[in-house]
Amino acid sequence: QVLLVESGGGLVQAGGSLRLSCVGSGRTFSSYVMGWFRQAPGKEREFVQAITGGGGGILYANSVKGRFTISRDNAKNTVYLQMNSLKPEDTAVYYCAAGRYGNRPQDYDYWGQGAQVTVSS
């Protein structure tokens, strides 16, 4: 069992930046692929980025390429999502997840409660 807690969401103007953090419980955090997903109102949950346990492999969605960066600090059981050049269409609830390598929600077994990110135009 892995418990995940996100933080760092908020309201930002277009072009601004935010950094999301996700802290995981347990001693097996480094064994999990960690992913970020987002879900806007009325839309399906969308993959954003994922990072392998050791941090050597990163999977990302084209919609955020060059703007968002995922990283992790296994000593702190934490995964981050640095979001730059934010756009109004990035507005969503952002979820971190722990699981296997992939870009589908079903590849992940554990989910955080979500953090709201709102980008104003």
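Atoms considered below: every heavy atom in the structure, side chains included; atoms not considered: hydrogens, waters and symmetry mates. Each residue takes its place number in the sequence, starting with 1.
Taken to the nearest 0.5 Å, the OG atom of Ser121 stands 10.0 Å off from the CD atom of Glu89. A distance of 10.5 Å separates CD of Gln1 from CG of Asp109, quoted to the nearest 0.5 Å. Between the CH2 atom of Trp36 and the CE atom of Met83 there is a distance of 8.0 Å, given to the nearest 0.5 Å. A distance of 4.5 Å separates SG in Cys22 from CE in Met34, rounded to the nearest 0.5 Å.
Remark: the backbone N or O of Asn74 is not paired with any side-chain donor or acceptor of Ser30 at under 3.5 angstrom. In this structure, the side chain of Thr52 engages the main chain of Gly57 through a donor-acceptor pair within 3.5 Å. Gln116 places no side-chain N or O within donor-acceptor distance of the main-chain N or O of Gly9, the cut-off being under 3.5 Å. Remark: the backbone N or O of Gln106 is paired with a side-chain donor or acceptor of Arg100 at under 3.5 angstrom. The backbone N or O of Ile70 lies less than 3.5 Å from a partner atom in the side chain of Gln49, making a donor-acceptor pair. Formation of a donor-acceptor pair under 3.5 Å by the Ser25 side chain with backbone atoms of Leu3 is found in this model. Side-chain N or O atoms of Gln113 include none that pairs as donor or acceptor with a backbone N or O of Val5 at under 3.5 Å. With hydrogens and angles ignored, the 3.5 Å screen pairs a side-chain donor or acceptor of Glu6 with a backbone N or O of Cys96.
No path of Ile, Leu, Val, Met, Phe, Trp and Tyr side chains, each step under 4.5 Å between heavy atoms, connects Ile58 with Tyr101, placing them in separate hydrophobic clusters. Both Phe37 and Leu59 belong to a single network of hydrophobic side chains, linked directly or stepwise wherever heavy atoms of I, L, V, M, F, W or Y lie under 4.5 Å apart.
For Tyr60 and Phe47, the ring centers are positioned 6.0 Å apart or more.
Of the options Val119, Leu86, Thr118, a side chain to side chain contact (heavy atoms under 4.5 Å, CB included) to Leu18 is made by Leu86 and by none of the others.
The two residues Ala92 and Ala40 make their nearest non-hydrogen contact at CB-N, 3.8 Å.
Salt-bridge formation is not detected for the pair Lys87/Asp90: no Lys NZ or Arg NE/NH1/NH2 atom is positioned less than 4.0 Å from an Asp or Glu carboxylate oxygen.
Judged by a 6.0 Å distance limit and a 45° cone about the ring axis, Arg38 is not positioned over the six-membered ring of Tyr94.
For the pair Phe68/Asn84, no side-chain contact is recorded, criterion being any heavy-atom separation below 4.5 Å from C-beta on. Between Tyr95 and Leu4 the shortest side-chain heavy-atom distance does not fall below 4.5 Å. Using a 4.5 Å heavy-atom cutoff, the side chains of Tyr32 and Val2 are in contact. The shortest side-chain heavy-atom distance between Gln82 and Ser17 falls under the 4.5 Å cut-off. Within the 4.5 Å cutoff, no side-chain heavy atoms of Thr69 are placed close to those of Leu81. Considering only heavy atoms from C-beta on, Tyr80 stays 4.5 Å or farther from Leu20 through its side chain.
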For Tyr108 and Val33, run side-chain contact (heavy atoms from CB on, under 4.5 Å): C-alpha distance rounded to whole Å, both residues' side-chain angles, the deciding distance at 0.1 Å, then the answer. CA-CA 8 Å; Tyr108 295 82; Val33 171; 3.8 Å; yes

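Heavy-atom contacts from other residues, nucleotides or ligands closer than 6.0 Å to CD of Gln13 number 12 or fewer.
Counted by atom type alone, Asp73 and Thr78 present zero donor-acceptor pairs between their side chains at under 3.5 Å.
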